[in-house]
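The structure appears below as structure tokens.
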Amino acid sequence: MSKVNIFRQSCKGVDDCGICKFVCPQDLFQACQEMNAAGYFPPEIKDESQCTGCRNCMVYCPDFAIWVEKTDDQPAEEDEDKNAG
Amino acid sequence: MQDKRNRVLTGTHFEMGNWACTEGAIAAGCTFAAGYPITPASEVANHLAARLPRVGGTFLQSEDEISAVCAAIGASWAGCKAMTVTSGPGISLMQENIGFAVATETPLVIVDVQRLGPSTGVPSVGLAGDIVQVARGSHGDYQIIALCPESPQEMFDLTVQAFNLAETYRVPVFLMADGFIGHMREQIVIPPEGELAIKQRKIPAGSTSPLERRDFQDVDVAPMPVFGRGLQAHVTSSCHDEHGMRNLSDPAVMHQYVMRPIEKIRKHRDEFVQVQADHPEAKTALVSYGTVSRSARAAARLARRQGLDVGTLRLLTCWPFPDKEIRRLAAKVDNLLVVENNTGQLYPYIKAEAAHACRVAFLGPQTLGQIHDPEFILSHIKEMIA
Amino acid sequence: MSVSEHPLRKYTRRHITRTTTCPGCGIGTVSQAILRAIDELGLDMDDFVFVSGIGCSAWIPSPFYAADTLHTTHGRPIAFATGVKLGLPDKNVMVVSGDGDLTAIGGNHLIHAARRNVDLTVVLVNNGIYGMTGGQTAPTTPRGLTTITSPYGTMEHHFDIAPMVAAAGASFVARWTTYHPRQMTRSIKKGIQKKGFALIEAVSQCPVQYGKASKLGSAVRILEYFKENSVRIDKARAMEAEALAGKIIVGEWVDIAKAELTQEWTELRRKLREESECHKLI
């Protein structure tokens, strides 16, 4: 299972930004209830066991707020972003 | 004959002022120059293009003068002794980034072979019309250094000095030549390499964070964290603190950002501000700078031959303005005639320092575009004394 | 085990704890693509000098990246970077700036650096508008879009940056959107490795200003637009102009080897030195 690390203080909010939620193929992100120091509501993972380790949330996040650690049994990360062009 | 592959062409030469300027730059250790063709400065760039690669340097012919000054500043941060050369129209284009060099405390030499303006004006006629624009043309308050050669020999000597001052004080230094001396051929004596005093900038010893260093705004000149040495220098022309970090909210930082680069030049001005007087006891003095000093000296000589008590004071440094030197002169003389090859650019500055103590008058050339005739100056000396 | 900070933070200045951009701004995605490219190439930040101009994207390296950074005047970073590169030919010199900076006020430097083929990597963030100054028309704003300086809609045509720089003589040219961060990273890696002028045009979302002008409104809706309207260059070459209207062509335009300026200078100096030594022997 992948571990999705969310650096709460770096995040600019699921409602204000929401890119992680948009690019997650499993729709695992939702805004949490607790505001960070800058006044944003960072994401939380609904069910981490469903994470495929695709790392979309990590590579798209504009604020260096997500890091996905993968386990060895998961497929290698895609080297292309799909479904565009 | 000297080997043209040497850095210092020691010996006696009969060459143009623009040639001497190039050789001064190379003798001073210049390794990067950028420029755009412009009359009457082109020969400096032409000769740099031929000479620099032979001494391990680089010449960039830029797409415009903005690019030239920017590339020279970039090369200076890369650790090169860097320069650019142009005339008035090019200086006008460079102004914004001259301010950048001031704000980032970048050593840089800018050679201005001045021509008659405004605008396109007359490319081949020398006129000292950029004296104030090099000191005040970029926005904001700042202090640069400017030197005024009066001969091809001084285009060599003062170019060497310009590099030394730029490296010592981390500031743009201007060489205020003009089309007359740029194109004039005279004897130029280049001393042996060992006799030239050459200065190098200070560089901080290894520390990887600018927060642990003072990289800027030291009135005794901070060591320069040049690029490529793992110093992680942060260089910005936005208001910044002594570490180079941007600060747009604290008025104390704003004050220091403006004042310290001014203060560092003013504090050390006695170490380099240079004036030259002849007949210092005379009761009438002609004050001049640059090419027209030659006419002023000739006029004073004519006057003395006719029994008039006339001396001269020549400003080799025009910025920072030699205020003390003018005050000292004003205290000794009765008459002070300011002879400038323009419509009176330094006259207000000189008058402000002298008018309390003596009579001060201004004399531009009989016709703009023609250097002062010594007889013309003499007639005005007589008028003033009478 | 969870990590306490983002692993790419090892490339950023310790005291800068947050990015400066608006929520959802694509600049951060481009910033990450640059750092991942450097990370994947196994390079050190000390191998780089970053040069930027004025505007939001110029803040990508300055003050964020823990490297030598030169934050310059509006439009001029390529001119500064040319001097830095000629003075430090062994360093990677990267320019990061926006479409207004590099194609409006600084357009001349862009095409001339490409013509010279000086070894710079230019990451040009194109968001189609002036963001920092409040949403004015840029040379990249699509015709017809209403902005605060085109309140009746822009009447001018926009620059097509990637092919323009390719025509000017660059060695490597690519364009991706922030919907393609992995392809963008791959092209930045190629750009860094390319001995010659490399341009990576990063089409990016400005959710605040462009979002308002285009009425797309949010980062996610602009990303959706990128997703739906991007066409690969190989496909685009086979398409009619009409079918390409409003599309964003993405991919790599140029990837060639040609004589590079700093190498030419090194070679010239070597030749002259040898000639001089020969001369001394005689």
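Throughout, protein chains are lettered first and strands after them, A, B, ... in sequence-line order, and every chain is numbered starting at 1.
When the candidates F48(C), F50(C), W59(C), Y65(C) are compared by the number of heavy-atom contacts under 4.5 Å with chain B, W59(C) comes out ahead. The greatest number of non-hydrogen atom pairs below 4.5 Å with chain C, out of A78(B), C70(B), A82(B), is found for C70(B). When each of L272(C), V84(C), T69(C), N108(C) is checked for heavy-atom pairs under 4.5 Å with chain B, T69(C) comes out on top. Interface check for chain C: of the options A233(B), G244(B), A75(B), A71(B), the most heavy-atom pairs under 4.5 Å are formed by A233(B). The candidate with the highest count of non-hydrogen atom pairs below 4.5 Å against chain B, out of T266(C), T73(C), D46(C), is T73(C). Most heavy-atom pairs under 4.5 Å with chain C: of the set V69(B), T31(B), N97(B), this distinction falls to N97(B).
Neither the backbone nor the side chain of S52(C) has a heavy atom closer than 4.5 Å to any heavy atom of chain B. With a 4.5 angstrom heavy-atom cutoff, L268(C) touches chain B only via side-chain atoms. Contacts of A67(C) with chain B are made by backbone atoms alone, with heavy-atom separations under 4.5 Å and no side-chain atom involved. Of the two parts of F32(B), only the side chain, counted from C-beta on, holds a non-hydrogen atom closer than 4.5 Å to a non-hydrogen atom of chain C. Using a 4.5 Å cut-off between heavy atoms, D68(C) contacts chain B through both its backbone and its side chain. There is no contact between L52(B) and chain C, counting heavy-atom distances below 4.5 Å. Residue R115(C): no heavy atom, backbone or side chain, is found under 4.5 Å from chain B. For a residue to count as touching a neighbouring chain, one of its non-hydrogen atoms must lie under 4.5 Å from one of that chain's; by this rule R273(C) does not touch chain B. If you measure heavy-atom distances from H109(C) to chain B, the contacts under 4.5 Å come from both the backbone and the side chain.
Annotation: cation-pi geometry not satisfied between R201(B) and Y169(B) (NZ/CZ under 6.0 angstrom from ring centroid, within 45° of ring axis).
How far CZ of F174(B) is from CG of L165(B): 13.5 Å, rounded to the nearest 0.5 Å.
Between D39(C) and K10(C), at least one side-chain nitrogen of the basic residue sits less than 4.0 Å from a carboxylate oxygen of the acidic one, meeting the salt-bridge criterion. Taking 4.0 Å as the cut-off between side-chain N and carboxylate O, K271(C) and E274(C) do not count as a salt-bridged pair.
In terms of modelled atom types and a separation under 3.5 Å, the side chain of K85(C) and the main chain of K91(C) share a donor-acceptor contact. When atom types are taken as modelled, the side chain of R270(C) and the backbone of W265(C) share no donor-acceptor pair closer than 3.5 angstrom. Looking at N117(C), its side chain never comes within 3.5 Å of a backbone N or O of A114(C) through a donor-acceptor pair.
Looking at residues two or more places apart in sequence or on another chain, you find no side-chain hydrogen bond (donor to acceptor under 3.5 Å, both in side chains) involving D64(B).
Aromatic ring centroids of F216(B) and H240(B) lie under 6.0 Å apart. Residues F100(B) and F80(C) place their aromatic rings such that the two centres sit under 6.0 Å apart.
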